[in-house]
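To start, the structure under review is shown below, and the notes come after it.
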Amino acid sequence: MAKESALFLRQFLRSPIATGAIAPSSRYLAAAVTTPIPERGDPVVVELGPGTGPFTAEIQRRLGGRGRHIAIEINPLLARHLAERHPEVELVVDDAVKLPRLLADRDAPAADVIVSGLPWAAFSAGTQIRLLRAVLGAMRPDGAFTTFSYVHAQALGPAISFRQRLRGAFEEVVPGRTIWRNLPPAFVYHARRPRPVPER
Ligand SMILES: C[S@@+](CC[C@H](N)C(=O)[O-])C[C@H]1O[C@@H](n2cnc3c(N)ncnc32)[C@H](O)[C@@H]1O
């Protein structure tokens, strides 16, 4: 755990915008962000930005060997660490903005659940828009999308813009309760009923 925190902090110091946090998420946030994973069947679960893997471990626990778990991580060092810890996950070292193509390349159907660990509030408007389009283009119409946001950042411009874009992208966006046992405290957005991907 201490090793993972140190690795994560080093990546933050190297690339603060893409890493977006100084510490991995807690298991309490991991539990909250993975609740839409169905308890039965063989769902396709896509994880964006797994980092050192706190959400990965919980997704694996919930799947218990069912379905598919495809994780997209842009940072090769974090990806290498994740591959060692979770060889059972289909790990793709690439940019989540290419998500529809990355799934097609692996003959994967549209996702039932997309769990995002991406630092949306650290991204420019253009990156937020491109990534949300990729999410919409890669999930089933009855699928679910979850992502988290830090409580302290809620009043800041990029977080407000992301919230507005998320509400534009999905018919249903429900914020969960605050997870105090996370550094820093955070909450989850539960989004369903994706709207059609807008024309360019
Ligand atoms: C805030 S960290 C979250 C890591 C982990 N999910 C957690 O909660 O501890 C964001 C992660 O997203 C990755 N990331 C950032 N931009 C990305 C992109 N465009 N595509 C894929 N991964 C990305 C970063 O390298 C980092 O691992």
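When reading the values below, keep in mind they use all heavy atoms of this one structure, side chains included, and skip hydrogens, waters and symmetry mates. Counting starts at 1 for both ligands and their atoms, following the listed order.
Put simply, CE on Met139 and CG on Leu99 are 10.5 Å apart, with the number rounded to the nearest 0.5 Å.
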(request) List the steps, then state whether side chain to side chain contact (heavy atoms under 4.5 Å, CB included) holds for Arg192 with Glu171. (result) CA-CA 7 Å; Arg192 287 189 182 273; Glu171 287 179 24; over 6 Å; no
(message) Please determine whether side chain to side chain contact (heavy atoms under 4.5 Å, CB included) holds for the pair Asn182 and Tyr28, giving the CA-CA distance in whole Å, both sets of side-chain angles, and the decisive distance to 0.1 Å.
(response) CA-CA 7 Å; Asn182 192 73; Tyr28 305 99; over 6 Å; no
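Considering each of Ala18, Ser116, Gly117, the one bringing a non-hydrogen atom nearest atom 3 (C) of ligand 1 is Gly117. Of all the listed residues (Leu118, Thr19, Asn182), Leu118 holds the heavy atom that lies closest to atom 17 (C) of ligand 1. Nearest residue to atom 5 (C) of ligand 1 from Gly20, Pro24, Pro50, Ser25 is Pro50 (criterion: closest heavy atom). Taking all heavy atoms of Gly49, Ala134, Gly51, Gly53 into account, the minimum distance to atom 6 (N) of ligand 1 is reached by Gly49.
Counting atoms of ligand 1 from 1 in the listed order, those under 4.0 Å from a heavy atom of Asp95 are 18 (C), 19 (N), 20 (N). Of all atoms in ligand 1, listed by their number and element, those nearer than 4.0 Å to a heavy atom of Ile72 are 21 (C), 22 (N). Listed by number with element, the atoms of ligand 1 under 4.0 Å from a non-hydrogen atom of Ala96 are 18 (C), 19 (N), 20 (N), 21 (C).
Around atom CZ of Arg68, more than 12 heavy atoms belonging to other residues, nucleotides or ligands sit under 6.0 Å away. In this structure, Arg106 places its CZ atom where more than 12 heavy-atom neighbours from other residues, nucleotides or ligands lie under 6.0 Å away.
The side chain of Phe123, and not its backbone, has at least one atom closer than 4.0 Å to an atom of ligand 1 (non-hydrogen atoms only; side chain from C-beta on). Under 4.0 Å from ligand 1, the heavy atoms of Leu78 that appear belong solely to its side chain.
Just one of Asn75, Thr52, Thr19 meets the side chain to side chain donor-acceptor pair (under 3.5 Å) condition when paired with Gln11; it is Asn75. Residue Val46 is tested with Ile59, Val115, Leu103 for a side-chain contact (heavy atoms from CB on, under 4.5 Å); the sole match is Leu103. The only member of His69, Glu73, Glu47 that meets side chain to side chain donor-acceptor pair (under 3.5 Å) when paired with Thr56 is Glu47.
Checked against a 3.5 angstrom limit, the closest N/O atoms of Asn75 and ligand 1 fall outside it.
For the ligand labelled ligand 1, residue Asp94 lies inside the 4.0 Å heavy-atom shell.
Ranking the protein heavy atoms by distance from atom 27 (O) of ligand 1 puts Glu73 OE1, 2.8 Å first. Looking from atom 22 (N) of ligand 1 to the surrounding protein, the closest heavy atom is Ile74 N, 3.3 Å.
Here the closest non-hydrogen pair linking Val97 and Ala134 is O-CB, 3.4 Å.
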